[in-house]
Number of protein chains: 2
Amino acid sequence: MTPGQPRWRRRKDARPAEIVTAALEVFAERGFAAARLDDIAARAGVSKGALYLYFETKQELFEAVVRDTVLPDLDAVEQVATNLELPFRQLAPMLAARLALLLTTSSLPAVAKMVIAESRNFPDLARVWHDQVVSRALGVLTGVVKAAQARGEVRPGDPRFHALSIAGPMLMGVLWREVLEPVGAEPIDLPALAMQHVETALVGLLTPEARA
Amino acid sequence: MTPGQPRWRRRKDARPAEIVTAALEVFAERGFAAARLDDIAARAGVSKGALYLYFETKQELFEAVVRDTVLPDLDAVEQVATNLELPFRQLAPMLAARLALLLTTSSLPAVAKMVIAESRNFPDLARVWHDQVVSRALGVLTGVVKAAQARGEVRPGDPRFHALSIAGPMLMGVLWREVLEPVGAEPIDLPALAMQHVETALVGLLTPEARA
DNA sequence: CGTAAATAACTGACCAGTCAGTTATCAATG
DNA sequence: CATTGATAACTGACTGGTCAGTTATTTACG
């Protein structure tokens, strides 16, 4: 024993953030159900009991992860998207690039995968995800499409479906990377996919006049 | 006690199929890890021990589910897709309709969701899924696109990306239905999405000459 | 000191996989 | 047409291990 060093420190205000960071990692690696609180605690440098000083249950910890680590990322994309003034032809590639960056650098895909995984057994997780992430993101995209339709830039049709036409391949690419690449599938270049898809989708979505 | 009725019957040849059916239901409802073999057994009308007469482990049972219930569905779609002769403009909507039907009536989406869910903790599951389902399905679609490019019907570009452009929104629609609708999200009309998307994608993918 | 932060040992519930024992079924026999 | 083994299908209680959440105790620190 080195008696000069205390075995631990009281750090009431630093703990929550450290725990949330550790929780994000472990949740992403193992999924909600299979994530062990002991592992999260160890990675955060505390004991399991300490977790319960700051979070009442495992679920509450997950909600904190979404709130603290995913929502800020989403805000950044939303910022770009609400430039409704820009012509769709220019806005779409910007959005796609921003999104591709987010999906390759942030932990959003890992959390998304986890929510898909556990939605049936932990519906509260899915509800939080839907209310705070998906419906907001899709709402923004749908709004962009609708505005472009109003300006005559985008062909008629359900704007929500158009939004899915744009976002779907990205999701598929992400899932490919998260689920299949780890077991040996041929890798996908996500930004390249985003660029080629946006090009294709633009031709398909724009009115003949707007293509000029 | 009604002594005339036996407590159970020996039905060696009927059991495996019944167990696989029950397993599909429970796996789809709860995911692989959370599915209880006791539940599967109960739903199949046998004891847990009986499961082990026909399947060595839980994983082997899952593989049987894929083999017996998913692959036949896939074969049917593959049939349509290998009509490589047909012009892409006609083949694509047919494929989309067939796929939409499959995704709304079969159990494929539920199994897919499960695989996504458990891929990290049970990589073998994901490998089976990739080798036997995804890579085959995507291969067929990529082949169709490539053939159409060779005939000058489809614009240049990575045919694999084009395939993802086509299939992605369908996957997104399916996940929406599986994950978010159960927790209160606004429902999506999957066949309608398929039709509108294929229309959009066709315009985007076809060469100007092929659009005639 | 007092007290709040943190620990570590503990509890209770859960479940995959096992196995000793039970019972349906059927072929052989009287 | 019984009766009787023999056999293999089937059962259900049990084991060993895991893990969320609890609590009695220790320790940092104002």
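All chains are named by letter (A, B, ...) in the order of the sequence lines, taking the proteins before the strands, and each is independently numbered beginning at 1.
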Among [options], the one nearest [X] by side-chain distance:
X: B:Y52; options: C:dT18, C:dA8, C:dT23; value: C:dT18
X: B:R7; options: C:dA5, C:dT18, D:dT11; value: D:dT11
X: A:L53; options: C:dA6, C:dT18, C:dT25; value: C:dA6
X: B:Y54; options: D:dA20, D:dC10, C:dG17; value: D:dC10
X: A:R36; options: D:dC19, C:dG17, C:dT7; value: D:dC19

Which is true for A:A41 with a 4.0 Å heavy-atom rule: it touches a base, it touches only sugar-phosphate, or it touches nothing? nothing
Classify the nucleic acid contact of A:A34 as base, sugar-phosphate or nothing, counting any heavy atom under 4.0 Å across all strands shown.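 Nothing, no nucleic acid heavy atom in range.
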Mapping B:R10 and B:G49 onto DNA chain D by nearest heavy atom, which one lands closer to the 5' end?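 The 5'-side residue here is B:R10.
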A:R36 side chain reached by A:R30 side chain, heavy atoms, under 4.5 Å: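 In contact.
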Do B:L202 and B:F88 have side chains that approach each other closer than 4.5 Å (heavy atoms only, starting at C-beta)?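 Answer yes - side chains close enough.
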A:R67 side chain vs A:F62 backbone, donor-acceptor pair below 3.5 Å: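 No; judged by distance alone, with no hydrogens or angles, the pair does not exist.
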At less than 4.0 Å, is any side-chain N or O atom of B:R11 found next to OP1 or OP2 of D:dC10? Yes or no. no
Which of A:V179, A:V111, A:L175 passes side chain to side chain contact (heavy atoms under 4.5 Å, CB included) with A:I116? It is A:L175
